[in-house]
Amino acid sequence: MNQSLLRTLTNHTILILGTIFMGLPVWVAFMSSTHAPETLFREGLQFWYGGHFFETYTEVLFVEGGVMKKVTATKMLLNSMVLGFGFSIGKVVISMLAAYAIVYFRFRLAMPLFWIIFMTLLLPLEVRIVPSYEVVAGLGLLNTFTGLIVPLIASATGTFFFRQFFKSVPEEILEAARLDGASPLRFFIDILVPLSKTMIAAIFIIMFVVGWNQYLWPLLMTTSEEHYTIVIGIKQIYQVLSEGGELPQFQKAFALTILATLPPVLVVVIFQHWFVKGLLESEK
Amino acid sequence: MATLSLSDVNKRYDNGAHAVRGVDMEIADGEFIVFVGPSGCGKSTLLRMVAGLEAITEGEIAIDGRRINDVSPSECDVAMVFQNYALYPHMTVYRNMAYGLSNRKVPKTEIESIVRQAAATLRIEEFLDRKPHQLSGGQRQRVAMGRAIVRNPKVFLFDEPLSNLDAKLRVQMRIEIKRLQRSIGVTSIYVTHDQIEAMTLADRLAVISDGRIEQMGTPIELYETPATTFVASFIGSPAMNFLPARVADDGGSITLDEGPVLPIPAGALAAHAGRALTLGVRPEHLGEEGDDDPVASLEVELIEQLGADTLIYGRLAEGGEDLTVRLQGVRTLSPGDTLPIRAPWRHLHLFDAESGARISLG
């Protein structure tokens with residue numbers, strides 16, 4: 001057996017093992033979600049299709065559940081979408097504008113301000129969660145999307161990435177635009193934003209997944225079930241399911257998990273294509 | 001179409017660097033001016049001040065008599081071609097050229113005809129739908145010029161536009177720039193550190209050193225009567241030879257330090273008897289032929305055959321000063337040979353030994 005074939009085999013074995021390791025839990029969750037609650041209760045996790053796909057998923061998606069019986073998975077997915085998109089788009093817009101101001105406008109204290117923004121990395125949400133909660137509560141924004149999203153969208157990481165990117169844009173482009181009569185706003189919209197496409201896609205992907213997976217903050221902020229996100233919903237609904245005197249509805253919890261993973265996966269798949277294309281074209 | 005005047009223009013940066021020092025200049029309508037000087041001499045800064053991209057610390061710049069110190073770059077009515085082209089990478093060639101016009105609210109149909117016309121002039125019509133990264137360096141440079149032309153500016157500014165191109169393309173683009181400027185007749189300023197570009201393009205050129213204009217004039221004026229040793233060494237290739245010398249006490253000859261004595265026409269240097277000099281003579285004027293008597297001989301050390309010319313590097317047999325000689329045609333010489341040197345009086349340049357300023361002879 002020659003050397004390169006051996007290497008190919010080894011590489012593929014490692015990759016296949018990795019894929020199984022990563023993919024198996026998802027597969028098991030999906031398969032288990034298609035079984036009847038009795039099967040799961042008696043036999044544990046299932047590795048093959050159980051025939052109850054449509055029943056389980058229609059019930060989860062369209063029949064109200066939870067303590068108050070007020071919320072469906074569709075509604076929770078929608079809430080998560082609002083949070084995910086609001087969070088990621090908000091972060092991209094805010095951090096781009098912040099970086100634009102820091103890089104292109106010579107104002108006093110620009111550097112200290114940037115480092116102050118940067119230092120907020122040392123104070124993640126969990127550290128400031130009590131004061132943040134108090135501010136939002138004081139403004140009467142509990143159980144609103146505004147209260148859910150706005151306190152999260154300031155982003156030191158995003159600002160930093162955009163700052164580094166803007167600094168790499170040749171200064172002559174700015175000068176050419178100034179000679180071409182572009183106002184600061186026009187320069188931003190016509191030139192910087194299109195040039196930042198790949199950066200925007202990258203930060204959007206990361207931030208969407210982070211926003212979608214937010215747990216602690218939405219848990220504190222939302223007390224009414226209509227504002228539950230799907231990530232919280234899994235936990236809450238599972239709790240209800242197991243506390244009632246009936247048979248635990250594990251298949252629903254699995255179905256919710258599968259539903260909760262789908263949108264981030266889709267976003268990554270769609271935007272990654274975009275992101276890679278942007279990198280390959282290398283226009284700058 | 002415009003005149004440009006700079007009066008006592010100064011640039012000081014916040015860190016105290018004095019980049020441009022008291023520049024005065026009058027540029028006539030349609031004139032092609034070249035700023036030439038070594039890197040860091042302030043020539044680009046001066047150009048950017050005209051463009052309105054750098055603030056003017058002191059002094060005044062006026063286009064057609066209108067002071068532009070505090071006018072925004074887009075309203076100065078100048079167009080600039082940058083060294084790295086500075087095209088907008090995400091826009092097509094057409095959009096690159098149209099961008100400035102659409103910012104000025106020129107009607108779409110008018111933009112279309114202006115851009116197409118400029119593209120025809122520059123022979124880039126077939127690239128209008130391409131993006132800059134699909135073009136070669138020379139094509140990008142044409143697009144950059146197109147972007148400048150469509151604006152129909154009063155003044156064209158070029159900031160070392162050819163330095164990113166290879167040698168052959170550079171010569172070709174140089175000719176095209178010259179032709180373009182002639183045909184449009186726009187007042188232009190061109191910055192370069194390449195003295196050949198400067199000599200070939202300029203109506204008048206300004207040699208800049210350390211933020212000051214050392215000398216300004218036509219290329220031939222600067223070649224024939226350089227005002228300082230700096231200008232003399234900068235203009236002409238290979239560079240002028242400089243030798244320390246002294247006028248004899250009787251004013252009748254020039255003595256090179258530890259070297260040969262050069263006879264001079266009677267009375268020419270009577271007023272400068274005994275003065276210490278720097279004697280300058282261009283390599284192409286140290287010919288071996290001519291009516292003049294040889295004044296020295298050169299020990300050949302190195303020969304460069306250029307085909308049309310031969311460059312000979314060597315030392316003076318007396319005194320040992322390094323000297324470069326340029327002879328026409330192909331020469332068969334080898335290291336160790338001796339070459340008679342003639343230095344005709346009319347081709348000698350005399351500079352003050354201390355200040356480097358030209359000593360003019362009545």
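Residue numbering restarts at 1 for every chain, and letters A, B, ... go by the order of the sequence lines.
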| message | So for B/Leu87, is it side chain, backbone, both, or neither that comes closer than 4.5 Å to the heavy atoms of chain A? | response | backbone

| task | Quick one: which of B/Ala79, B/Pro73, B/Ser102 has the most heavy-atom pairs under 4.5 Å with chain A, could you say? | result | B/Pro73

| Min side-chain heavy-atom separation A/Ile191-A/Val169 under 4.5 Å | no

| task | Considering only heavy atoms and a distance below 4.5 Å, find which of A/Ser183, A/Ala176, A/Gly181 pairs most often with chain B. | result | A/Ala176

| query | Does the ring center of A/Tyr104 lie less than 6.0 Å from the ring center of A/Phe188? | reply | no

| If you draw the axis of the six-membered ring of B/Phe82, does the NZ or CZ of B/Arg147 fall within 45° of it and under 6.0 Å from the ring centre? | no

| Do we see a donor-acceptor contact under 3.5 Å between the side chains of B/Tyr190 and B/Glu197? | yes

| So which part of B/Val78 gets closer than 4.5 Å to some heavy atom of chain A, the side chain, the backbone, both or neither? | both

| message | Does the plane of the ring in B/Phe156 sit parallel, tilted or perpendicular to the ring in B/Phe158? Use 30° and 60° as the thresholds. | response | perpendicular

| task | With a 4.5 Å cut-off on heavy-atom pairs, point out which of B/Gly100, B/Pro132, B/Ala144 contacts chain A the most. | result | B/Gly100

